[in-house]
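See below for the structure under consideration.
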Amino acid sequence: MRVKLRPGAHFVPVARGLHCARAERAFVLSAPPSVQRLLDDRLGDLTDGADTADLLGPVADPAERAALRQVLAALLGQGLLFDPDRAGGPAPDPGTAERYAESLAHYEEHCAEPYAAFAALRAAEVAVLGTGPAARSATRGLLRLGVGTVTDRPGPGAAAAVLAAAAPADLPALAALLPPGTPYVPVADGDGHRTVGPLLRDVPQARAFRDAAERAAAWARSHPAGRAPAVHAAALAGSLAARTVLDHLGATGLDTTDLRLVHGRTLRTTPHPFAPRPDAPRWSPVPGGAPARPDDPADPDGALTTPWSGLGQWRDDLELPRLPFRLAALEAVALPDRPLLVGWGTETEDARRDALLRLLRATAGHAGTQDGRTGTAAAGTTPRRWLLDGLLRALAAEQQDDGPPLPDDATATPLARSLRRALTHYFDQPARLHHRALPGTGWTLVTVTRTDTGERLARQWAPSTRTAAQNALARALAGLQQDLVPFPAPTVGTRALEWAAPAELAALEAALRSPEVLRGRTVHAHRLAADPVLGPLPLPCGLVRLTAPDEP
(Lines give C-alpha, C1' and ligand atoms only; values in the text may rest on other atoms or scores of the structure.)
Protein backbone atom coordinates (compact mmCIF):
# COMPACT_ATOMS: atom_id res chain seq x y z
CA MET A 1 0.00 0.00 0.00
CA ARG A 2 1.13 3.50 -0.77
CA VAL A 3 0.45 6.52 1.43
CA LYS A 4 0.71 10.23 0.77
CA LEU A 5 0.53 13.22 3.09
CA ARG A 6 -2.43 15.44 2.33
CA PRO A 7 -1.59 19.09 1.53
CA GLY A 8 -2.36 21.21 4.55
CA ALA A 9 -1.77 18.34 6.98
CA HIS A 10 1.14 18.52 9.43
CA PHE A 11 2.77 16.42 12.12
CA VAL A 12 5.76 17.23 14.30
CA PRO A 13 7.51 15.23 17.05
CA VAL A 14 6.75 16.37 20.59
CA ALA A 15 7.50 14.95 24.01
CA ARG A 16 4.43 12.68 24.11
CA GLY A 17 4.37 11.57 20.48
CA LEU A 18 3.34 13.29 17.24
CA HIS A 19 1.43 16.52 17.27
CA CYS A 20 -0.90 16.26 14.24
CA ALA A 21 -3.01 18.96 12.65
CA ARG A 22 -5.34 19.17 9.67
CA ALA A 23 -7.77 21.96 8.89
CA GLU A 24 -9.18 22.99 12.29
CA ARG A 25 -8.41 19.69 14.04
CA ALA A 26 -5.33 19.00 16.16
CA PHE A 27 -4.40 16.02 18.31
CA VAL A 28 -1.38 14.19 19.75
CA LEU A 29 -0.72 10.65 18.53
CA SER A 30 1.35 8.44 20.83
CA ALA A 31 4.49 7.12 19.13
CA PRO A 32 7.92 5.91 20.36
CA PRO A 33 10.86 8.26 19.70
CA SER A 34 12.35 6.00 17.02
CA VAL A 35 9.10 6.10 14.99
CA GLN A 36 8.92 9.86 15.43
CA ARG A 37 12.43 10.27 14.07
CA LEU A 38 11.76 7.90 11.17
CA LEU A 39 8.60 9.74 10.07
CA ASP A 40 10.31 13.09 10.47
CA ASP A 41 13.21 11.91 8.32
CA ARG A 42 10.87 10.51 5.65
CA LEU A 43 8.62 13.59 5.47
CA GLY A 44 9.72 14.32 1.90
CA ASP A 45 8.85 10.79 0.78
CA LEU A 46 5.44 11.03 2.46
CA THR A 47 4.78 14.34 0.72
CA ASP A 48 5.49 12.79 -2.69
CA GLY A 49 3.91 9.42 -1.87
CA ALA A 50 5.72 6.40 -0.43
CA ASP A 51 5.17 2.66 -0.26
CA THR A 52 4.64 1.38 3.28
CA ALA A 53 7.09 -1.47 2.60
CA ASP A 54 9.80 1.08 1.89
CA LEU A 55 8.96 2.91 5.10
CA LEU A 56 9.09 -0.30 7.13
CA GLY A 57 12.28 -1.60 5.47
CA PRO A 58 14.84 0.22 7.67
CA VAL A 59 13.07 -0.85 10.89
CA ALA A 60 14.46 -4.13 12.22
CA ASP A 61 12.87 -4.27 15.66
CA PRO A 62 9.47 -6.07 15.43
CA ALA A 63 7.99 -3.87 18.16
CA GLU A 64 9.00 -0.73 16.32
CA ARG A 65 7.62 -2.11 13.04
CA ALA A 66 4.29 -2.79 14.76
CA ALA A 67 4.29 0.71 16.27
CA LEU A 68 5.01 2.26 12.87
CA ARG A 69 2.17 0.29 11.27
CA GLN A 70 -0.18 1.52 14.00
CA VAL A 71 0.90 5.14 13.55
CA LEU A 72 0.51 4.98 9.76
CA ALA A 73 -2.92 3.39 10.14
CA ALA A 74 -3.92 6.12 12.60
CA LEU A 75 -2.71 8.91 10.29
CA LEU A 76 -4.58 7.27 7.41
CA GLY A 77 -7.74 6.91 9.48
CA GLN A 78 -7.58 10.49 10.68
CA GLY A 79 -7.23 11.77 7.12
CA LEU A 80 -3.70 13.17 7.33
CA LEU A 81 -2.60 10.53 4.83
CA PHE A 82 -4.48 9.04 1.91
CA ASP A 83 -3.90 5.98 -0.26
CA PRO A 84 -3.11 7.07 -3.86
CA ASP A 85 -4.14 3.61 -5.08
CA ARG A 86 -7.65 4.22 -3.73
CA ALA A 87 -7.99 7.84 -4.84
CA GLY A 88 -10.57 7.22 -7.54
CA GLY A 89 -8.27 6.42 -10.45
CA PRO A 90 -4.72 6.91 -11.61
CA ALA A 91 -2.80 10.02 -10.68
CA PRO A 92 -2.49 12.60 -13.45
CA ASP A 93 0.67 12.54 -15.50
CA PRO A 94 3.53 14.69 -14.17
CA GLY A 95 3.03 17.44 -16.76
CA THR A 96 -0.70 17.81 -15.99
CA ALA A 97 -0.06 17.58 -12.26
CA GLU A 98 2.50 20.37 -12.46
CA ARG A 99 0.33 22.58 -14.68
CA TYR A 100 -2.71 22.29 -12.42
CA ALA A 101 -0.90 21.83 -9.13
CA GLU A 102 -3.22 24.23 -7.29
CA SER A 103 -6.40 22.29 -8.12
CA LEU A 104 -4.79 18.90 -7.60
CA ALA A 105 -3.47 19.91 -4.18
CA HIS A 106 -6.88 21.32 -3.25
CA TYR A 107 -8.58 18.03 -4.10
CA GLU A 108 -5.89 15.96 -2.37
CA GLU A 109 -6.47 18.03 0.74
CA HIS A 110 -10.27 17.92 0.80
CA CYS A 111 -11.54 14.96 -1.28
CA ALA A 112 -11.88 11.32 -0.32
CA GLU A 113 -11.06 10.38 -3.94
CA PRO A 114 -8.98 13.32 -5.19
CA TYR A 115 -7.96 11.80 -8.52
CA ALA A 116 -11.56 11.04 -9.46
CA ALA A 117 -12.45 14.62 -8.60
CA PHE A 118 -9.58 15.94 -10.68
CA ALA A 119 -10.63 13.76 -13.63
CA ALA A 120 -14.17 15.16 -13.36
CA LEU A 121 -12.71 18.67 -13.38
CA ARG A 122 -10.68 17.99 -16.51
CA ALA A 123 -13.71 16.50 -18.29
CA ALA A 124 -16.20 19.19 -17.22
CA GLU A 125 -17.83 21.82 -19.41
CA VAL A 126 -18.57 25.09 -17.60
CA ALA A 127 -20.45 28.01 -19.13
CA VAL A 128 -19.66 31.64 -18.37
CA LEU A 129 -22.51 33.97 -19.30
CA GLY A 130 -22.20 37.73 -19.26
CA THR A 131 -19.61 40.27 -20.21
CA GLY A 132 -17.18 42.52 -18.42
CA PRO A 133 -14.14 42.04 -16.20
CA ALA A 134 -15.87 39.63 -13.79
CA ALA A 135 -16.79 37.26 -16.65
CA ARG A 136 -13.28 37.43 -18.06
CA SER A 137 -11.78 36.79 -14.62
CA ALA A 138 -14.05 33.76 -14.09
CA THR A 139 -13.07 32.36 -17.49
CA ARG A 140 -9.36 32.79 -16.77
CA GLY A 141 -9.76 31.27 -13.34
CA LEU A 142 -11.65 28.21 -14.57
CA LEU A 143 -9.06 27.53 -17.27
CA ARG A 144 -6.18 28.05 -14.86
CA LEU A 145 -7.76 25.62 -12.40
CA GLY A 146 -8.06 22.95 -15.09
CA VAL A 147 -11.68 22.94 -16.26
CA GLY A 148 -11.76 21.02 -19.52
CA THR A 149 -14.07 23.27 -21.53
CA VAL A 150 -15.17 26.85 -20.81
CA THR A 151 -17.87 28.14 -23.13
CA ASP A 152 -20.32 31.02 -23.47
CA ARG A 153 -22.94 28.76 -25.08
CA PRO A 154 -24.41 26.48 -22.40
CA GLY A 155 -25.52 23.10 -23.64
CA PRO A 156 -27.13 20.07 -22.00
CA GLY A 157 -23.70 18.78 -21.04
CA ALA A 158 -22.75 21.80 -18.94
CA ALA A 159 -21.72 20.72 -15.44
CA ALA A 160 -21.98 24.23 -13.98
CA ALA A 161 -22.05 27.89 -14.95
CA VAL A 162 -20.99 31.33 -13.80
CA LEU A 163 -23.46 34.17 -14.39
CA ALA A 164 -21.68 37.54 -14.47
CA ALA A 165 -24.38 40.23 -14.50
CA ALA A 166 -23.85 43.94 -14.98
CA ALA A 167 -26.59 44.48 -12.38
CA PRO A 168 -28.51 42.18 -10.01
CA ALA A 169 -31.69 42.69 -12.05
CA ASP A 170 -30.07 40.90 -15.00
CA LEU A 171 -29.48 37.62 -13.17
CA PRO A 172 -32.91 35.96 -13.76
CA ALA A 173 -32.62 36.53 -17.51
CA LEU A 174 -29.16 34.92 -17.55
CA ALA A 175 -30.37 31.98 -15.46
CA ALA A 176 -33.19 31.41 -17.95
CA LEU A 177 -30.59 30.72 -20.65
CA LEU A 178 -29.28 27.64 -18.83
CA PRO A 179 -30.68 24.12 -19.23
CA PRO A 180 -33.07 23.43 -16.31
CA GLY A 181 -31.30 22.30 -13.15
CA THR A 182 -27.85 23.51 -14.17
CA PRO A 183 -25.98 24.70 -11.07
CA TYR A 184 -24.57 28.20 -11.36
CA VAL A 185 -22.68 30.81 -9.36
CA PRO A 186 -24.13 34.35 -9.68
CA VAL A 187 -21.84 37.36 -9.74
CA ALA A 188 -23.50 40.79 -9.67
CA ASP A 189 -21.86 44.12 -10.37
CA GLY A 190 -22.68 46.94 -7.97
CA ASP A 191 -22.00 50.57 -7.27
CA GLY A 192 -18.57 50.27 -5.68
CA HIS A 193 -18.78 46.58 -4.80
CA ARG A 194 -19.41 43.08 -6.20
CA THR A 195 -21.69 40.34 -4.89
CA VAL A 196 -20.81 36.66 -5.36
CA GLY A 197 -23.38 34.00 -4.57
CA PRO A 198 -23.28 30.39 -3.51
CA LEU A 199 -24.20 27.62 -5.92
CA LEU A 200 -27.81 28.08 -7.08
CA ARG A 201 -30.23 26.42 -9.49
CA ASP A 202 -33.09 27.63 -11.68
CA VAL A 203 -34.66 31.04 -12.18
CA PRO A 204 -36.57 31.44 -8.85
CA GLN A 205 -33.32 31.21 -6.92
CA ALA A 206 -31.81 33.81 -9.26
CA ARG A 207 -34.69 36.15 -8.38
CA ALA A 208 -34.09 35.53 -4.67
CA PHE A 209 -30.38 36.26 -5.07
CA ARG A 210 -31.20 39.38 -7.11
CA ASP A 211 -33.24 40.71 -4.18
CA ALA A 212 -30.45 39.92 -1.72
CA ALA A 213 -27.82 41.52 -3.97
CA GLU A 214 -29.92 44.66 -4.40
CA ARG A 215 -30.38 44.91 -0.63
CA ALA A 216 -26.64 44.47 -0.11
CA ALA A 217 -26.05 47.17 -2.71
CA ALA A 218 -28.32 49.53 -0.80
CA TRP A 219 -26.24 48.96 2.31
CA ALA A 220 -23.00 49.39 0.37
CA ARG A 221 -24.19 52.78 -0.86
CA SER A 222 -24.46 53.92 2.74
CA HIS A 223 -20.66 53.58 3.03
CA PRO A 224 -19.25 55.69 0.19
CA ALA A 225 -15.77 55.49 1.66
CA GLY A 226 -15.90 51.74 1.24
CA ARG A 227 -16.05 51.71 -2.55
CA ALA A 228 -13.81 49.06 -4.08
CA PRO A 229 -11.63 49.65 -7.16
CA ALA A 230 -13.95 48.45 -9.94
CA VAL A 231 -11.57 46.35 -12.03
CA HIS A 232 -9.85 44.74 -9.06
CA ALA A 233 -13.17 43.95 -7.35
CA ALA A 234 -14.48 42.36 -10.55
CA ALA A 235 -11.34 40.26 -10.91
CA LEU A 236 -11.61 39.02 -7.33
CA ALA A 237 -15.33 38.28 -7.70
CA GLY A 238 -14.73 36.24 -10.87
CA SER A 239 -11.94 34.34 -9.16
CA LEU A 240 -14.17 33.55 -6.16
CA ALA A 241 -16.86 32.24 -8.51
CA ALA A 242 -14.32 29.97 -10.23
CA ARG A 243 -13.22 28.57 -6.86
CA THR A 244 -16.85 27.82 -5.98
CA VAL A 245 -17.19 25.85 -9.22
CA LEU A 246 -13.94 24.01 -8.36
CA ASP A 247 -15.42 22.89 -5.02
CA HIS A 248 -18.69 21.89 -6.65
CA LEU A 249 -17.08 19.74 -9.35
CA GLY A 250 -14.85 18.03 -6.79
CA ALA A 251 -17.56 17.59 -4.13
CA THR A 252 -15.13 18.88 -1.51
CA GLY A 253 -17.86 19.64 1.01
CA LEU A 254 -16.65 23.23 1.25
CA ASP A 255 -19.79 24.60 -0.38
CA THR A 256 -21.23 27.53 1.54
CA THR A 257 -24.68 29.08 1.58
CA ASP A 258 -23.18 32.53 2.11
CA LEU A 259 -23.19 35.30 -0.40
CA ARG A 260 -19.94 37.25 -0.37
CA LEU A 261 -19.49 40.96 -0.81
CA VAL A 262 -16.28 42.37 -2.23
CA HIS A 263 -16.07 45.94 -0.98
CA GLY A 264 -13.73 48.54 0.44
CA ARG A 265 -10.52 50.04 -0.82
CA THR A 266 -8.60 47.00 0.41
CA LEU A 267 -11.01 44.55 -1.29
CA ARG A 268 -12.54 43.09 1.82
CA THR A 269 -14.65 39.97 1.35
CA THR A 270 -17.56 39.81 3.79
CA PRO A 271 -19.74 36.67 3.92
CA HIS A 272 -23.42 36.93 4.75
CA PRO A 273 -25.92 34.06 5.17
CA PHE A 274 -28.24 33.63 2.21
CA ALA A 275 -31.13 31.21 1.88
CA PRO A 276 -33.15 31.32 -1.37
CA ARG A 277 -36.77 31.86 -0.47
CA PRO A 278 -39.59 30.33 -2.52
CA ASP A 279 -41.72 32.63 -4.60
CA ALA A 280 -44.70 33.61 -2.47
CA PRO A 281 -47.17 36.50 -2.27
CA ARG A 282 -45.80 39.41 -0.28
CA TRP A 283 -49.30 40.46 0.74
CA SER A 284 -51.70 38.51 2.92
CA PRO A 285 -55.34 39.68 3.05
CA VAL A 286 -56.86 39.62 6.52
CA PRO A 287 -60.50 38.46 6.19
CA GLY A 288 -62.86 40.93 7.74
CA GLY A 289 -59.93 43.06 8.81
CA ALA A 290 -59.62 40.97 11.97
CA PRO A 291 -56.22 39.50 12.92
CA ALA A 292 -56.35 35.78 13.63
CA ARG A 293 -53.93 36.05 16.58
CA PRO A 294 -54.46 39.38 18.28
CA ASP A 295 -51.46 39.43 20.59
CA ASP A 296 -48.40 37.85 18.95
CA PRO A 297 -45.17 39.07 20.63
CA ALA A 298 -42.10 39.78 18.50
CA ASP A 299 -38.49 40.83 18.88
CA PRO A 300 -37.86 42.86 15.73
CA ASP A 301 -34.68 44.87 16.16
CA GLY A 302 -32.13 42.29 15.09
CA ALA A 303 -33.89 41.13 11.94
CA LEU A 304 -34.94 44.55 10.70
CA THR A 305 -31.51 46.15 11.14
CA THR A 306 -29.12 43.28 10.31
CA PRO A 307 -26.26 44.65 8.16
CA TRP A 308 -26.43 43.79 4.44
CA SER A 309 -29.96 42.33 4.62
CA GLY A 310 -32.10 44.42 6.98
CA LEU A 311 -34.54 47.18 6.04
CA GLY A 312 -32.70 49.91 7.94
CA GLN A 313 -29.60 50.78 9.91
CA TRP A 314 -29.34 52.67 13.15
CA ARG A 315 -27.62 56.03 12.86
CA ASP A 316 -26.11 56.20 16.32
CA ASP A 317 -23.31 58.29 14.83
CA LEU A 318 -25.61 61.34 14.74
CA GLU A 319 -25.38 61.82 18.52
CA LEU A 320 -28.91 63.15 18.84
CA PRO A 321 -29.77 64.97 22.07
CA ARG A 322 -31.28 62.85 24.83
CA LEU A 323 -33.18 65.47 26.77
CA PRO A 324 -35.97 66.13 27.41
CA PHE A 325 -36.76 63.04 25.28
CA ARG A 326 -34.77 60.18 23.87
CA LEU A 327 -34.42 60.17 20.09
CA ALA A 328 -33.42 57.30 17.78
CA ALA A 329 -32.52 57.75 14.10
CA LEU A 330 -33.03 54.92 11.62
CA GLU A 331 -32.01 55.16 7.96
CA ALA A 332 -34.44 53.30 5.69
CA VAL A 333 -31.78 51.57 3.60
CA ALA A 334 -34.24 49.56 1.50
CA LEU A 335 -36.32 52.53 0.31
CA PRO A 336 -35.31 54.47 -2.81
CA ASP A 337 -34.88 57.88 -1.18
CA ARG A 338 -33.32 56.38 2.01
CA PRO A 339 -35.31 58.60 4.38
CA LEU A 340 -34.03 59.17 7.88
CA LEU A 341 -36.74 58.16 10.36
CA VAL A 342 -36.52 59.60 13.86
CA GLY A 343 -38.37 57.97 16.74
CA TRP A 344 -38.95 59.51 20.15
CA GLY A 345 -39.81 58.32 23.63
CA THR A 346 -39.12 58.69 27.31
CA GLU A 347 -36.60 55.82 27.19
CA THR A 348 -34.18 54.63 24.53
CA GLU A 349 -36.16 51.41 23.95
CA ASP A 350 -39.31 53.46 23.48
CA ALA A 351 -37.62 55.69 20.90
CA ARG A 352 -36.16 52.75 18.99
CA ARG A 353 -39.51 50.98 18.87
CA ASP A 354 -41.12 54.16 17.53
CA ALA A 355 -38.47 54.38 14.81
CA LEU A 356 -38.91 50.70 13.87
CA LEU A 357 -42.66 51.14 13.50
CA ARG A 358 -42.08 54.20 11.31
CA LEU A 359 -39.74 52.09 9.18
CA LEU A 360 -42.39 49.41 8.73
CA ARG A 361 -45.09 51.93 7.83
CA ALA A 362 -42.82 53.48 5.23
CA THR A 363 -41.98 50.01 3.86
CA ALA A 364 -45.63 48.99 3.66
CA GLY A 365 -46.55 52.24 1.94
CA HIS A 366 -43.82 51.81 -0.66
CA ALA A 367 -44.57 48.13 -1.26
CA GLY A 368 -48.28 48.89 -1.50
CA THR A 369 -47.64 51.48 -4.17
CA GLN A 370 -45.65 48.94 -6.16
CA ASP A 371 -48.37 46.28 -5.81
CA GLY A 372 -51.15 48.66 -6.80
CA ARG A 373 -52.91 48.58 -3.43
CA THR A 374 -54.27 51.60 -1.65
CA GLY A 375 -54.81 52.29 2.02
CA THR A 376 -53.32 53.76 5.15
CA ALA A 377 -49.88 52.42 6.03
CA ALA A 378 -49.88 51.03 9.56
CA ALA A 379 -47.71 48.98 11.91
CA GLY A 380 -47.78 47.70 15.45
CA THR A 381 -46.05 45.31 17.81
CA THR A 382 -49.00 42.89 17.56
CA PRO A 383 -51.58 42.22 14.82
CA ARG A 384 -54.29 43.92 16.88
CA ARG A 385 -52.20 47.04 17.41
CA TRP A 386 -51.37 47.11 13.68
CA LEU A 387 -55.06 47.07 12.74
CA LEU A 388 -56.00 49.69 15.34
CA ASP A 389 -53.09 51.86 14.25
CA GLY A 390 -54.38 51.82 10.68
CA LEU A 391 -57.99 52.55 11.64
CA LEU A 392 -57.07 55.46 13.91
CA ARG A 393 -54.86 56.97 11.23
CA ALA A 394 -57.52 56.49 8.54
CA LEU A 395 -60.19 58.16 10.69
CA ALA A 396 -57.89 61.08 11.51
CA ALA A 397 -57.25 61.65 7.81
CA GLU A 398 -61.01 62.02 7.24
CA GLN A 399 -61.34 64.91 9.65
CA GLN A 400 -61.74 68.23 7.85
CA ASP A 401 -60.49 70.24 10.82
CA ASP A 402 -58.81 69.69 14.17
CA GLY A 403 -61.99 70.11 16.20
CA PRO A 404 -62.86 72.53 19.01
CA PRO A 405 -60.27 74.00 21.36
CA LEU A 406 -59.25 71.81 24.22
CA PRO A 407 -60.50 72.89 27.66
CA ASP A 408 -57.83 74.27 29.96
CA ASP A 409 -58.39 71.60 32.59
CA ALA A 410 -57.06 68.95 30.16
CA THR A 411 -53.62 70.54 30.38
CA ALA A 412 -53.70 71.34 34.08
CA THR A 413 -51.41 68.44 35.04
CA PRO A 414 -47.84 69.27 36.14
CA LEU A 415 -46.41 67.40 33.15
CA ALA A 416 -48.60 69.16 30.62
CA ARG A 417 -47.85 72.58 32.14
CA SER A 418 -44.12 71.84 32.07
CA LEU A 419 -44.23 70.76 28.43
CA ARG A 420 -46.25 73.79 27.42
CA ARG A 421 -43.88 76.18 29.20
CA ALA A 422 -40.92 74.59 27.40
CA LEU A 423 -42.64 75.10 24.05
CA THR A 424 -43.51 78.71 24.78
CA HIS A 425 -40.50 80.02 26.67
CA TYR A 426 -37.60 77.85 25.48
CA PHE A 427 -38.51 77.21 21.84
CA ASP A 428 -40.63 80.33 21.35
CA GLN A 429 -43.52 78.24 20.03
CA PRO A 430 -46.75 79.32 21.76
CA ALA A 431 -49.30 76.63 21.01
CA ARG A 432 -53.01 75.93 21.17
CA LEU A 433 -54.65 72.53 21.40
CA HIS A 434 -57.74 71.11 19.67
CA HIS A 435 -59.43 67.77 20.12
CA ARG A 436 -61.79 65.26 18.53
CA ALA A 437 -63.25 62.34 20.47
CA LEU A 438 -63.99 58.91 19.03
CA PRO A 439 -67.71 58.14 19.49
CA GLY A 440 -68.48 55.54 22.13
CA THR A 441 -65.06 55.67 23.77
CA GLY A 442 -62.70 57.97 25.60
CA TRP A 443 -60.08 57.83 22.87
CA THR A 444 -59.28 61.34 21.72
CA LEU A 445 -57.17 62.89 18.96
CA VAL A 446 -55.40 66.04 20.19
CA THR A 447 -53.67 68.40 17.76
CA VAL A 448 -51.06 70.97 18.79
CA THR A 449 -50.70 74.01 16.48
CA ARG A 450 -48.74 77.24 16.63
CA THR A 451 -50.92 80.13 17.67
CA ASP A 452 -49.28 82.58 15.27
CA THR A 453 -49.13 80.52 12.05
CA GLY A 454 -51.54 77.64 12.61
CA GLU A 455 -48.79 75.15 11.70
CA ARG A 456 -49.39 71.71 13.13
CA LEU A 457 -46.70 70.62 15.57
CA ALA A 458 -48.12 67.25 16.67
CA ARG A 459 -51.20 65.00 16.59
CA GLN A 460 -51.69 62.14 19.01
CA TRP A 461 -54.38 59.59 19.85
CA ALA A 462 -54.75 58.37 23.45
CA PRO A 463 -57.43 56.69 25.60
CA SER A 464 -58.24 59.95 27.42
CA THR A 465 -58.20 63.64 26.60
CA ARG A 466 -55.61 64.34 29.26
CA THR A 467 -53.22 61.62 28.08
CA ALA A 468 -53.66 62.63 24.44
CA ALA A 469 -52.85 66.26 25.34
CA GLN A 470 -49.70 65.26 27.20
CA ASN A 471 -48.56 62.95 24.36
CA ALA A 472 -49.19 65.64 21.74
CA LEU A 473 -47.26 68.28 23.70
CA ALA A 474 -44.41 65.81 24.23
CA ARG A 475 -44.29 64.96 20.53
CA ALA A 476 -44.23 68.66 19.62
CA LEU A 477 -41.36 69.25 22.03
CA ALA A 478 -39.43 66.19 20.80
CA GLY A 479 -39.71 67.49 17.25
CA LEU A 480 -38.13 70.81 18.25
CA GLN A 481 -35.34 69.63 20.57
CA GLN A 482 -32.85 68.78 17.82
CA ASP A 483 -31.67 70.32 14.59
CA LEU A 484 -29.17 67.75 13.28
CA VAL A 485 -31.70 65.85 11.16
CA PRO A 486 -35.21 66.79 10.06
CA PHE A 487 -37.86 65.28 12.29
CA PRO A 488 -40.70 63.68 10.29
CA ALA A 489 -43.78 65.75 9.62
CA PRO A 490 -46.31 65.72 12.48
CA THR A 491 -48.49 62.93 11.15
CA VAL A 492 -50.94 61.16 13.43
CA GLY A 493 -49.28 59.43 16.38
CA THR A 494 -50.63 56.29 18.04
CA ARG A 495 -47.91 55.50 20.58
CA ALA A 496 -50.61 55.10 23.26
CA LEU A 497 -51.56 51.79 21.62
CA GLU A 498 -48.25 50.31 22.75
CA TRP A 499 -49.05 51.13 26.38
CA ALA A 500 -52.73 50.19 26.37
CA ALA A 501 -53.86 47.08 28.24
CA PRO A 502 -55.55 44.24 26.32
CA ALA A 503 -58.95 45.21 27.72
CA GLU A 504 -58.49 48.79 26.48
CA LEU A 505 -57.50 47.53 23.05
CA ALA A 506 -60.52 45.22 22.85
CA ALA A 507 -62.85 48.08 23.82
CA LEU A 508 -61.24 50.37 21.24
CA GLU A 509 -61.59 47.73 18.52
CA ALA A 510 -65.29 47.30 19.35
CA ALA A 511 -65.82 51.08 19.20
CA LEU A 512 -63.99 51.38 15.86
CA ARG A 513 -66.27 48.69 14.40
CA SER A 514 -69.46 50.27 15.67
CA PRO A 515 -72.06 51.47 13.12
CA GLU A 516 -71.57 55.01 14.37
CA VAL A 517 -67.92 54.97 13.28
CA LEU A 518 -68.06 52.75 10.20
CA ARG A 519 -71.25 54.32 8.77
CA GLY A 520 -71.91 51.32 6.54
CA ARG A 521 -68.31 50.96 5.41
CA THR A 522 -66.16 47.81 5.43
CA VAL A 523 -62.71 47.38 6.91
CA HIS A 524 -60.12 45.95 4.51
CA ALA A 525 -56.67 45.02 5.82
CA HIS A 526 -53.74 43.63 3.83
CA ARG A 527 -50.72 42.55 5.81
CA LEU A 528 -47.24 42.81 4.32
CA ALA A 529 -46.41 39.23 5.16
CA ALA A 530 -42.83 38.91 3.99
CA ASP A 531 -39.77 40.73 2.76
CA PRO A 532 -37.97 39.25 -0.29
CA VAL A 533 -34.71 39.07 1.69
CA LEU A 534 -35.70 38.73 5.35
CA GLY A 535 -38.65 36.43 4.79
CA PRO A 536 -41.53 36.79 7.32
CA LEU A 537 -41.42 40.21 8.93
CA PRO A 538 -41.03 40.17 12.72
CA LEU A 539 -43.69 42.84 13.29
CA PRO A 540 -47.08 43.15 11.58
CA CYS A 541 -47.51 45.97 9.10
CA GLY A 542 -49.54 46.68 6.00
CA LEU A 543 -52.39 48.75 4.59
CA VAL A 544 -55.79 49.38 6.17
CA ARG A 545 -58.71 51.10 4.43
CA LEU A 546 -62.41 51.78 4.84
CA THR A 547 -64.62 51.31 1.78
CA ALA A 548 -68.24 52.18 1.10
CA PRO A 549 -70.57 49.42 -0.20
CA ASP A 550 -70.27 50.68 -3.79
CA GLU A 551 -66.43 50.81 -3.71
CA PRO A 552 -64.28 47.88 -4.92
Side-chain angles (χ1 to χ4, degrees), residues 320-321 323-325 327 329 337 339-346 351 354-355 357-358 361-362 365 375-378 389-439 441-497 517 544-546:
L320 298 174
L323 294 173
F325 295 101
L327 300 179
D337 52 353
L340 200 62
L341 307 173
V342 182
W344 69 281
T346 55
D354 186 44
L357 293 177
R358 291 177 188 272
R361 291 188 195 103
T376 300
D389 177 63
L391 290 174
L392 289 176
R393 291 174 183 277
L395 291 173
E398 296 176 353
Q399 303 296 333
Q400 298 299 317
D401 57 65
D402 296 331
L406 192 68
D408 291 339
D409 61 351
T411 57
T413 65
L415 177 57
R417 286 197 298 266
S418 174
L419 294 171
R420 198 161 191 173
R421 282 197 303 269
L423 282 173
T424 302
H425 300 299
Y426 189 83
F427 290 101
D428 194 23
Q429 300 275 350
R432 60 174 179 266
L433 284 70
H434 297 259
H435 73 293
R436 281 195 174 278
L438 185 68
T441 179
W443 281 78
T444 304
L445 175 65
V446 170
T447 303
V448 179
T449 60
R450 289 184 53 164
T451 56
D452 52 352
T453 64
E455 175 191 357
R456 282 177 175 169
L457 299 178
R459 306 184 80 195
Q460 289 284 324
W461 282 101
S464 69
T465 303
R466 180 168 293 181
T467 303
Q470 290 179 169
N471 287 352
L473 289 168
R475 165 61 180 85
L477 191 58
L480 296 169
Q481 77 178 60
Q482 56 79 36
D483 56 5
L484 294 177
V485 294
F487 210 79
T491 55
V492 175
T494 59
R495 68 189 307 269
L497 291 173
V517 173
V544 179
R545 61 191 175 100
L546 298 172

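Starting from 1, each residue takes its place in the sequence as its number. Hydrogens, waters and symmetry mates are skipped; everything else that's a heavy atom, side chains included, is used.
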Item to check | Verdict with supporting geometry, T447 and R459, side-chain contact (heavy atoms from CB on, under 4.5 Å) | outcome: CA-CA 4 Å; T447 303; R459 306 184 80 195; 3.2 Å; yes
Reported [atom1]-to-[atom2] distance for the pair [X] and [Y], which is rounded to 0.5 angstrom:
X    : Y    : atom1 : atom2 : result
T494 : L357 : OG1   : CG    : 7.5 Å
R450 : E455 : CZ    : CD    : 6.0 Å
L391 : L546 : CG    : CG    : 6.0 Å
R432 : L457 : CZ    : CG    : 10.0 Å
R436 : L395 : CZ    : CG    : 11.5 Å
N471 : L445 : CG    : CG    : 11.5 Å

Next on the checklist: Just to verify, which of T413, T411, T465 counts as forming a side chain to side chain donor-acceptor pair (under 3.5 Å) with Q470?
Outcome noted: T413
Checklist outcome for this item: Which of D402, T449, T491 passes side chain to side chain donor-acceptor pair (under 3.5 Å) with R456? It is D402
Checklist entry - After noting the C-alpha distance and the side-chain angles of W461 and R393, does the key distance pass the side-chain contact (heavy atoms from CB on, under 4.5 Å) rule? => result CA-CA 9 Å; W461 282 101; R393 291 174 183 277; over 6 Å; no
Check: [Y] main-chain N/O paired with [X] side-chain donor or acceptor under 3.5 Å:
X    : Y    : result
H434 : L406 : no
Q460 : R475 : no
R358 : V342 : yes

Checklist entry - Does a side-chain heavy-atom distance below 4.5 Å link V492 with L392? => result no
Next on the checklist: Counting neighbours of CG on D428 that are heavy atoms of other residues, nucleotides or ligands and sit closer than 6.0 Å, is the number greater than 12?
Outcome noted: no
Next on the checklist: Are more than 12 heavy atoms, taken from residues, nucleotides or ligands other than D337, located less than 6.0 Å from that residue's CG atom?
Outcome noted: yes
How close do [X] and [Y] get, heavy atom to heavy atom, and via which atoms?
X    : Y    : answer
T451 : A431 : CG2-C, 3.5 Å
T376 : G390 : CG2-O, 4.0 Å
A329 : L320 : CB-CD1, 3.8 Å
A410 : A469 : O-CB, 4.1 Å
L419 : A474 : CD1-N, 3.8 Å

Item to check | Chi angles and distances behind the side-chain contact (heavy atoms from CB on, under 4.5 Å) call for L477, W344 | outcome: CA-CA 10 Å; L477 191 58; W344 69 281; over 6 Å; no
